[in-house]
Amino acid sequence: MGTYHAGSLAVQELLGVRDRADHVGRSLGQDIKPIAAAFLELQPLLVVGAADPGTGRVWASALTGTPGFVRATGPRQMSVVTGTGQGSDGGTGSRPEGARGTARATNDDPHPHTDISDPLTVALKSQGTHIGTIALDPRTRRRMRLNGRLRPTARGFAVQADQVFSNCPKYIQRRNSYETLADRTPGSPHRLTELDPRATEFIGSADTFFMATAHPGGADVSHRGGNPGFVQVTSPHRLTWPDYPGNAMFLTLGNLRGNPRAGLLFLDWTTGTTLQLTGEAHTEFTAAGERKVRFTLTEALWTPAALPLRWSAPEYSPANPDVPG
């Protein structure tokens, strides 16, 4: 496959950044280099994105576990232990936490209980699913993306890599430490068809979210960060945010150009609560070269205490633009 598909190329041409995108695109490959493999094994959090095979809706979900639950198991393969798979991966003995904390394992109970309310439960068990993943480490402000095709395994799934690359630390808030609260019990997921006051406040206070998108040849998950208030809820069914300058590849906006379906994941880094949204996103381009994304909600899932991780307070990225008052 080429470095970029037609959607990304069109956005690059529109914004006059094709040369820069070609230069940056040289960092995309299929191999998981030793430094990337070492990075993966240190992570307690992986965000994944895919389309629900039944509905076609795109979602983003969080997977957590003892470092080592995500690891490279080949030059072009990443394996994830969830305890809910089929097949064989030759995985580690890590203690995994499942999607949004709903498929958990402990030392006493090494077999997580699958919660079918997770929007990606079927996708993460389906052979050949196009999946995007991002491992983001707030402690070091590093992030790594790996996109490819999924294969179910005995204890989770493996991803055969089509794209492996790292991004700069721009807009990542530093969180120096975390602790795993083994006794944190997830609340019951609550489905929403519109954003209520609690969800609106949750989004308005966010300094980070993750965005899953898809195109006919794959899926991707990207990170978006800024000072609290950079995402605005404009109605019970709509939200918007500025698309800050980045690496000029425009993988996310390129995907949206051909397929507006998208999934958003907001999380509370202290309480572990998650808010997952699925809907459609469209990009507005201004004559000044600025961009704004508008998202229309189809469905949302609110899960209190979904994740067992409690992170320290953030140090906001110096790259974050000021949020208008």
Side-chain angles (χ1 to χ4, degrees), residues 1 5 7 40 45-65 69-70 76-82 84-87 89 96-103 114-136 143-153 156-165 189 209-224 251-252 254-256 258-267 274-281 295 297-301 303 306-307:
M1 60 184 293
H5 62 72
L40 284 176
L45 171 69
L46 182 75
V47 176
V48 300
D52 181 334
T55 65
R57 293 176 180 175
V58 176
W59 293 89
S61 290
L63 306 175
T64 65
F69 88 110
V70 181
R76 295 182 176 180
Q77 179 175 281
M78 177 182 74
S79 293
V80 182
V81 177
T82 67
T84 60
Q86 357 170 330
D89 66 350
E97 312 287 346
R100 299 170 4 279
T102 57
T114 303
D115 185 336
I116 60 173
S117 67
D118 184 86
L120 291 183
T121 295
V122 175
L124 296 183
K125 291 184 177 182
S126 300
Q127 178 75 30
T129 293
H130 290 294
I131 185 172
T133 75
I134 181 170
L136 183 149
R143 50 185 156 163
M144 170 185 164
R145 286 153 76 175
L146 186 150
N147 304 328
R149 284 185 177 269
L150 180 146
R151 174 176 58 84
T153 64
F157 61 87
V159 182
Q160 189 67 27
D162 291 326
Q163 292 180 321
V164 181
F165 58 104
F209 72 93
F210 299 90
M211 184 172 186
T213 55
H215 62 92
D220 180 69
V221 181
S222 60
H223 152 273
R224 294 292 185 266
L251 300 183
T252 298
N255 287 349
L256 294 178
N259 177 7
R261 290 183 169 183
L264 311 183
L265 170 67
F266 293 84
L267 59 90
T274 60
L275 178 63
Q276 296 164 274
L277 295 80
T278 188
E280 293 192 354
F295 179 88
L297 176 72
T298 300
E299 182 184 4
L301 192 67
T303 309
L307 307 178

Not counting sequence neighbours, which residues clear side chain to side chain contact (heavy atoms under 4.5 Å, CB included) with Asp220? List them please.
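Asp220: side chain to side chain contact (heavy atoms under 4.5 Å, CB included) contacts with Arg145, Asn147, Phe165, Thr213, Ser222, Leu251, Thr252, Asn255.
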
Once you round to the nearest 0.5 Å, how far does [atom1] of [X] lie from [atom2] of [Y]?
X      : Y      : atom1 : atom2 : answer
Arg143 : Phe210 : CZ    : CZ    : 9.5 Å
Thr298 : Arg57  : OG1   : CZ    : 5.5 Å
Gln160 : Ile131 : CD    : CD1   : 13.0 Å
Asp118 : Leu301 : CG    : CG    : 7.5 Å

Closest non-hydrogen atom pair between [X] and [Y], with its separation:
X      : Y      : result
Ala262 : Ala281 : CB-CB, 4.3 Å
Ala50  : Ala123 : CB-CB, 4.3 Å
Leu150 : Ser126 : CD2-O, 3.2 Å
Ser79  : Ala158 : OG-CB, 3.8 Å
Ala60  : Val47  : CB-CG1, 4.5 Å
Gln276 : Pro119 : NE2-CD, 3.8 Å

Check for a donor-acceptor pair, side chain of Thr153 on one end and backbone N or O of Gly156 on the other, with a separation under 3.5 Å.
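Here the side-chain-to-backbone pair exists.
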
Are Asn259 and His215 close enough, and set up right, to give a side-chain contact (heavy atoms from CB on, under 4.5 Å), and what steps lead you there?
CA-CA 6 Å; Asn259 177 7; His215 62 92; 5.8 Å; no

Evaluate the criterion side-chain contact (heavy atoms from CB on, under 4.5 Å) for residue pair Val81 and Phe157; output intermediate values, then yes/no.
CA-CA 7 Å; Val81 177; Phe157 61 87; over 6 Å; no

Are [X] and [Y] packed together at the side-chain level, in the sense that at least one heavy-atom pair is separated by less than 4.5 angstrom?
X      : Y      : value
Leu40  : Met144 : yes
Val159 : Leu146 : yes
Met211 : Leu256 : yes
Arg261 : Thr278 : no
Arg151 : Gln77  : yes
Leu265 : Phe209 : no
Phe295 : Leu264 : yes

Does a donor on one side chain sit under 3.5 Å from an acceptor on the other, for Gln127 and Arg149?
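Short answer, no.
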
Set out, in order, the CA-CA distance, both residues' side-chain angles and the distance that settles side-chain contact (heavy atoms from CB on, under 4.5 Å) for Trp59 and Leu277, then state yes or no.
CA-CA 7 Å; Trp59 293 89; Leu277 295 80; 6.0 Å; no

Quickly, which of Val221, Thr129, Val80, Leu120 forms a side-chain contact (heavy atoms from CB on, under 4.5 Å) with Val48? Name it, please.
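For Val48, the side-chain contact (heavy atoms from CB on, under 4.5 Å) check succeeds only for Leu120.
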
